[in-house]
There are 2 protein chains.
Amino acid sequence: MAQSDTVDRILNAAEELFAERGFSETSLRMITSKANVNLAAVNYHFGSKNALIQAVFARFLTPFSETLDKAFDDLERRCKGEPPTLQQTLWVLTESAVRMPHRNEKGISIFMRLLGLAYTQSQGHLRKFLEQEYSEPFGRLMRLLKAGTPQLSAVDRYWRIQFMLGATAFTMSSSDALREILENKLGIDTTVQEIAARLVPFLAAGLQADDPISVPKTA
Amino acid sequence: MAQSDTVDRILNAAEELFAERGFSETSLRMITSKANVNLAAVNYHFGSKNALIQAVFARFLTPFSETLDKAFDDLERRCKGEPPTLQQTLWVLTESAVRMPHRNEKGISIFMRLLGLAYTQSQGHLRKFLEQEYSEPFGRLMRLLKAGTPQLSAVDRYWRIQFMLGATAFTMSSSDALREILENKLGIDTTVQEIAARLVPFLAAGLQADDPISVPKTA
DNA sequence: ATAACCATCAAACGTATGTTTTAAACATAC
DNA sequence: GTATGTTTAAAACATACGTTTGATGGTTAT
């Protein structure tokens with residue numbers, strides 16, 4: 001073949017297995033046998049397992065950050081100087097994620113699950129890589145969230161953004177299982193888009209909650 | 001010695017290392033050398049690494065579920081037939097977690113981090129163990145949450161509880177890292193109690209958000 | 001005193017991991 | 001058609017893992 005697709009097959013298999021099982025729990029042999037390539041191919045093409053992990057993230061994060069950047073440009077153009085509202089920012093964010101071209105119908109939930117894992121699993125090299133490569137679009141999102149919640153102190157905003165990321169990554173990462181449970185329990189089918197549509201008002205309300213750090217009614 | 005403290009030393013070391021690094025990333029050799037016991041002691045006293053993981057959870061989850069049960073009894077008694085409000089339920093939950101007797105000042109954050117890991121890391125045996133052992137207090141919490149959000153449809157409530165669990169588990173599972181980032185950025189030190197106190201109003205507001213499934217302003 | 005029991009220890013076991021090596025097959029350019 | 005650089009293949013590498021073994025010492029009960 002003119003150009004081998006070995007690299008892509010490895011990336012596809014690794015992406016799926018990482019999302020299912022986490023990084024440490026996924027061996028190179030699982031990946032290469034799922035991808036139907038030789039074991040040595042990973043180290044040949046990527047150099048190491050850690051570099052493969054980073055490559056998996058780069059493959060979807062790079063186009064996503066470009067899409068997001070353009071969508072934010074669009075949003076700010078429509079707002080003509082006025083800072084975008086929190087709901088607008090959140091909606092552009094979820095829309096960009098959902099609208100990304102995905103390799104299959106599981107793409108969006110794999111995407112989310114990987115983001116959650118990047119935060120959760122203590123992979124020092126990954127955190128460094130993501131901070132170096134994607135600090136700019138991340139910073140832009142943070143600035144927009146800040147503009148959308150001018151009433152919050154920096155500390156309040158920081159924590160509430162963490163809560164927001166948690167709710168999103170967690171829900172999306174297990175959206176398949178959650179959708180299935182709901183289907184069995186109430187006979188209702190839900191799309192990822194609908195989940196996102198439910199998530200946005202939840203997050204917006206949480207981010208903007210009045211916050212007289214509630215005192216217990218306990219005696 | 002009359003009674004060896006080997007078991008407790010193993011549990012203490014394991015608890016701390018699991019919380020720091022996750023389960024797969026923590027080897028028995030790390031644990032036994034931190035605990036200053038022989039490598040074989042783990043398999044002798046617990047049988048296997050998985051059984052040790054479960055024992056670590058049981059040691060704090062069993063007393064916690066008893067404390068929580070009594071606190072819910074208390075709450076319902078104070079409410080005299082009226083269903084407790086959502087804020088009351090959430091507050092009793094976090095209060096019970098915070099008020100638990102802990103072995104040291106890191107105890108509460110280790111507790112939280114482990115709970116987050118239990119959700120996040122795909123340890124099949126752990127999930128089964130927790131479901132079997134603690135289904136009753138978990139079910140009670142779910143019933144109270146339902147009573148506290150009577151205005152929600154079953155579907156809305158289902159998803160919003162998932163969002164809530166996600167925000168909590170995710171934040172708690174990376175609370176150390178998040179606290180550290182905040183310390184470096186703004187020079188502010190945060191206790192786990194403060195995080196919990198910030199989380200409650202966020203969750204309460206999100207759970208009770210008005211929900212006219214927001215339509216994008218996008219063209 | 002002696003037997004039974006339990007906890008500890010160093011050492012080894014078998015397995016699985018990430019990585020490297022060697023040779024063969026391949027496509028492409030001359 | 002042969003040479004060249006690239007990709008695959010199979011095997012072996014060293015290392016780390018969870019677990020098991022068999023000997024040893026100490027405590028308890030008979």
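Labels below follow one simple rule: chain letters A, B, ... track the order of the sequence lines, proteins then strands, and each chain is numbered from 1. Just so you know, these numbers come straight off a predicted model, no measurement behind them.
- Side chains of B/Gln162 and A/Thr171: a donor-acceptor N/O pair is absent below 3.5 angstrom, by distance only.
- When both distances must be under 3.5 Å, the Watson-Crick or G-U wobble mate of C/dC30 is D/dG1.
- The nucleotide D/dA11 finds its pairing partner in C/dT20, both defining distances of the Watson-Crick or G-U wobble pair being shorter than 3.5 Å.
- When heavy atoms are screened at a 4.0 angstrom cut-off, A/Thr26 is found touching the sugar-phosphate backbone but no base atom.
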If you restrict it to nitrogen or oxygen atoms, what contacts under 3.5 Å exist between nucleotides 9-16 of chain D and the protein, and what is each distance?
from	atom 1	to	atom 2	distance (Å)
D/dA10	N7	A/Asn38	ND2	3.3

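- Here the C1' atom of nucleotide C/dG18 and the CD atom of B/Glu25 are 15 Å apart, to the nearest Å.
- Taking 4.0 angstrom as the limit, A/His45 places a side-chain polar atom (N or O) nearer than this to OP1 or OP2 of D/dT8.
- Distance A/Ile31 CD1 to C/dT17 P: 11 Å, rounded to the nearest Å.
- Residues A/Thr149 and A/Arg157 bring a donor and an acceptor atom of their side chains to less than 3.5 Å of each other.
- A salt bridge is absent between A/Glu133 and A/Lys128; no separation between the charged side-chain nitrogens and carboxylate oxygens falls under 4.0 Å.
- Between B/Thr6 and C/dT8 there is a side-chain N or O to OP1 or OP2 distance below 4.0 Å.
- Side-chain contact between B/Phe163 and B/Leu207 is absent, with no heavy atoms from C-beta onward closer than 4.5 Å.
- No side-chain donor-acceptor contact under 3.5 Å links A/Thr6 and A/Tyr44.
- Across the protein-nucleic acid pair, B/Phe46 atom CZ and C/dA7 atom P stand 12 Å apart, rounded to whole Å.
- Residues A/Thr168 and A/Phe202 form no side-chain contact, since every pair of their non-hydrogen atoms from C-beta on lies 4.5 Å or further apart.
- Following rounding to the nearest Å, B/Leu28 (CG) and C/dT8 (P) show an atom-to-atom distance of 16 Å.
- Taking only side-chain atoms of A/Tyr44, from C-beta outward, the nucleotide of D/dT6, D/dC17, C/dT17 with the closest atom is D/dT6.
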Where do A/Arg179 and A/Asn184 land on the side-chain hydrogen bond (donor to acceptor under 3.5 Å, both in side chains) test, with the steps shown first?
CA-CA 9 Å; A/Arg179 289 211 332 256; A/Asn184 292 341; over 6 Å; no
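- Distance, A/Asn43 CG to C/dT19 P: 5 Å, rounded to whole Å.
- Put simply, CD1 on B/Ile10 is 13 Å from C1' on C/dC9, counting in whole angstrom units.
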